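Worksheet: the structure to be examined is printed underneath.
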Amino acid sequence: MNTQQRISQYIAKEFLQDEGSVSEIPEDLNLLDAGIVDSLGLLRIVAFLEEEMQVVIEPEDMIPENLKSIHAITHLISPQSAEVS
Amino acid sequence: MNLVTGIEHQCITNPFAIAIRENQRAINYQQLSLKIGAVVQLLQRAGIPSGSRIGLAMDRGLDTVCVLLGVLSAGCCYVPLDIKSPAKRRQFIVNDAGVAAVIGCGECPHEYQNFGWLDYNSVSDHELDVSIHQADQLATILYTSGSTGSPKGVALSHRAIHAFSHWAQQLVNLRNTDCIASLTPLFFDLSTFDIFASLSTGACIDFVPAQLTMAPSQLSAWLSQHRISGFYTVPSVLGFLALKGNLEKTPLQDLRFVLFAGEVFPTRLLKTLINYLPNTEFYNFYGPTETNVCVYWRVEPDTLLEQTPIPIGHPACGNQLKIAENTGELLVKGPTVMSGYWSKKTLHAVLADQQWYATGDQVSINEKGEYCYHGRLDRMLKCSGYRVEPAEIEHVLLSLPEVTNCAVIGVSDETAGQRPAAAVVLQPETTIQALRRKLSQQLPHYMIPSRWKILPALPLLKNGKTDYLSISNLFVTAK
């Protein structure tokens with residue numbers, strides 16, 4: 001499973017119902033506007049990225065723009081996730 | 001004593017000090033008095049009698065504070081309307097409150113068409129006459145989640161809010177040089193500190209831009225640049241700052257005190273925050289909307305143990321506390337307790353004189369004589385400081401044709417305290433995303449379940465009632 005798939009799967013499982021709904025989330029869907037993720041949801045996503053995917057999110061990078069969609073998150077962590085995967 | 005007297009006094013004695021800031025805008029106390037006067041005139045010209053309820057269809061901010069104080073100055077009671085909540089919910093509130101008018105900016109939104117609409121943009125500055133009102137008069141009705149399926153109005157008098165704001169001023173030794181960051185929506189009782197304690201001291205309120213709550217390092221930079229000296233907010237915002245606020249590089253040297261309430265602050269996160277802010281005083285405030293703050297604890301950093309929740313502390317605001325013998329429920333009596341619940345356009349005084357208000361919270365007293373919180377006796381949840389009645393969510397879910405049955409419980413979340421989670425029995429081919437969309441038309445975002453389970457049937461107890469414990473376990477094991 002690649003980075004983007006892992007993130008999609010996490011969001012589907014954590015914020016929607018289960019892994020079956022992965023295909024329901026387009027990679028560029030704005031998760032904040034769609035009401036799927038709120039500010040605390042962002043913190044949960046960051047905790048997942050740091051604990052499960054072994055990347056570090058710098059405080060400066062912790063802004064809605066970088067975490068608003070599956071695509072944005074994948075892009076944010078791509079320099080680091082390339083090293084560990 | 002009414003709530004506007006102290007602020008009117010500041011307008012006279014402290015006219016050129018800055019009262020309110022919001023982004024690039026700022027007004028001093030003299031300008032504030034002219035804005036308050038303008039709102040009084042707006043209400044008088046519309047023929048609105050003293051004692052009426054007035055809906056505020058505005059988000060928190062500089063203009064809203066002017067309108068709110070104008071409403072109080074005219075002898076009316078303000079009813080905050082959460083502009084981010086669905087229209088249907090707001091319509092219920094204006095109807096239930098029986099508002100004489102709704103004040104907002106610009107055109108009247110369709111949901112308020114049947115209520116008198118007053119446009120704040122149409123007013124011009126006007127001299128303010130000193131207002132004379134009874135302390136028993138209602139100052140506000142704050143609608144919170146209700147267990148019967150509809151929002152519930154908590155009616156607070158001038159006297160009750162004044163008792164809290166005066167006590168809080170003394171506690172933190174509030175001064176006219178203080179600058180208080182304000183982030184709390186008006187329908188949340190924390191906002192009474194920002195508005196009434198700050199402005200009656202001659203301090204300045206500075207509104208935190210909403211988008212900063214999702215960007216903690218920008219929030220800490222903002223607090224530093226704006227030289228904020230006091231901040232009253234919920235632990236989830238502070239937890240966010242502790243974890244990702246970049247505080248090691250952003251010392252908040254002006255921050256004298258931090259007050260928090262609304263939910264339990266995880267001790268580990270509180271310790272992290274205190275390490276970054278060694279010169280700041282921290283206070284844990286406790287109390288449901290019905291009592292405002294009735295118990296408080298000044299955080300003693302040396303006593304904090306990561307595995308032990310912090311106490312809620314000692315009686316606040318001159319309230320008396322008592323623990324019910326059989327249940328351990330905290331009972332409160334005193335000056336900050338509400339006048340009663342407001343519903344169907346009438347005040348229902350639920351407490352007779354000298355009666356205790358039962359909080360529904362289970363507490364005990366530790367060896368130091370401090371009150372400690374242990375949880376709810378009923379199903380109410382606290383989600384990022386918001387009070388959420390699972391029954392209200394269930395009521396809305398069951399009204400949807402796709403939902404055959406449902407049960408809503410709370411799952412614990414380190415930063416949010418609790419989050420609602422729903423177990424649902426659905427009609428075929430229903431998706432959770434579709435359900436979320438429908439719910440968001442009827443419930444505010446913090447009441448939308450964050451976790452879901454689709455079940456063929458709900459587990460039942462032998463007596464036929466829903467087995468909430470088994471449902472909770474489904475969510476625990478699923479993680």
Side-chain angles (χ1 to χ4, degrees), chain A residues 6-70 72-73 76-77 80, chain B residues 84 210-221 234-237 239-250 269 383-386 413-419 421-424 426 430-437 439-441 443-446 448-454 478-479:
Chain A
R6 283 185 72 185
I7 295 167
S8 296
Q9 192 184 53
Y10 167 77
I11 288 170
K13 189 175 166 189
E14 189 71 12
F15 294 94
L16 296 172
Q17 181 238 336
D18 60 16
E19 293 164 43
S21 56
V22 172
S23 56
E24 287 182 28
I25 315 176
E27 60 165 289
D28 56 355
L29 175 76
N30 189 318
L31 300 166
L32 304 168
D33 291 348
I36 295 173
V37 174
D38 62 9
S39 60
L40 292 154
L42 287 186
L43 204 57
R44 275 156 64 197
I45 293 174
V46 169
F48 163 78
L49 297 174
E50 295 193 334
E51 283 158 29
E52 305 291 322
M53 302 197 64
Q54 316 286 312
V55 298
V56 177
I57 307 295
E58 295 297 336
E60 296 81 3
D61 289 330
M62 176 99 194
I63 53 172
E65 209 47 34
N66 284 338
L67 297 160
K68 66 180 182 189
S69 65
I70 292 166
I73 299 167
L76 172 70
I77 67 167
Q80 295 182 60
Chain B
K84 296 192 187 76
Q211 70 272 20
L212 298 189
T213 56
M214 293 206 198
S217 69
Q218 292 176 1
L219 174 60
S220 60
V234 290
S236 40
V237 169
F240 225 19
L241 268 183
L243 291 175
K244 289 287 172 190
N246 209 10
L247 289 173
E248 67 272 32
K249 291 184 200 148
T250 319
L269 286 178
C383 310
S384 323
Y386 294 107
D413 180 304
E414 194 182 38
T415 47
Q418 286 172 308
R419 308 278 278 173
V424 284
L426 298 177
T430 306
T431 67
I432 298 294
Q433 256 191 322
L435 275 188
R436 291 180 68 98
R437 258 196 303 276
L439 277 189
S440 65
Q441 289 160 11
L443 293 172
H445 66 93
Y446 54 85
I448 312 284
S450 64
R451 293 215 173 97
W452 296 81
K453 281 270 158 225
I454 300 175
K479 207 180 164 197

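The chains referred to below are lettered A, B, ... by the order of the sequence lines, with proteins before strands, and numbering in each begins at 1. All values derive from a computational prediction rather than experimental measurement.
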Part of Leu42(A) within contact of chain B (heavy atom distance under 4.5 Å)
side chain
Chain A: which of Lys244(B), His445(B), Arg437(B) shares the most heavy-atom pairs with it under 4.5 Å?
Lys244(B)
Leu32(A) versus chain B, heavy atoms under 4.5 Å apart: side chain, backbone, both or neither?
side chain
How long is the span from the CG atom in Leu243(B) to the CD1 atom in Ile57(A), to the nearest 0.5 Å?
13.0 Å
For Glu27(A), give me all partners under salt bridge (charged side-chain N to carboxylate O under 4.0 Å, His left out), at least two apart in sequence or on another chain.
none
With a 4.5 Å cut-off on heavy-atom pairs, point out which of Glu65(A), Met62(A), Glu60(A) contacts chain B the most.
Met62(A)
Please examine the side chains of Pro59(A) and Lys249(B), heavy atoms only from C-beta on, and report whether any two atoms are closer than 4.5 Å.
no
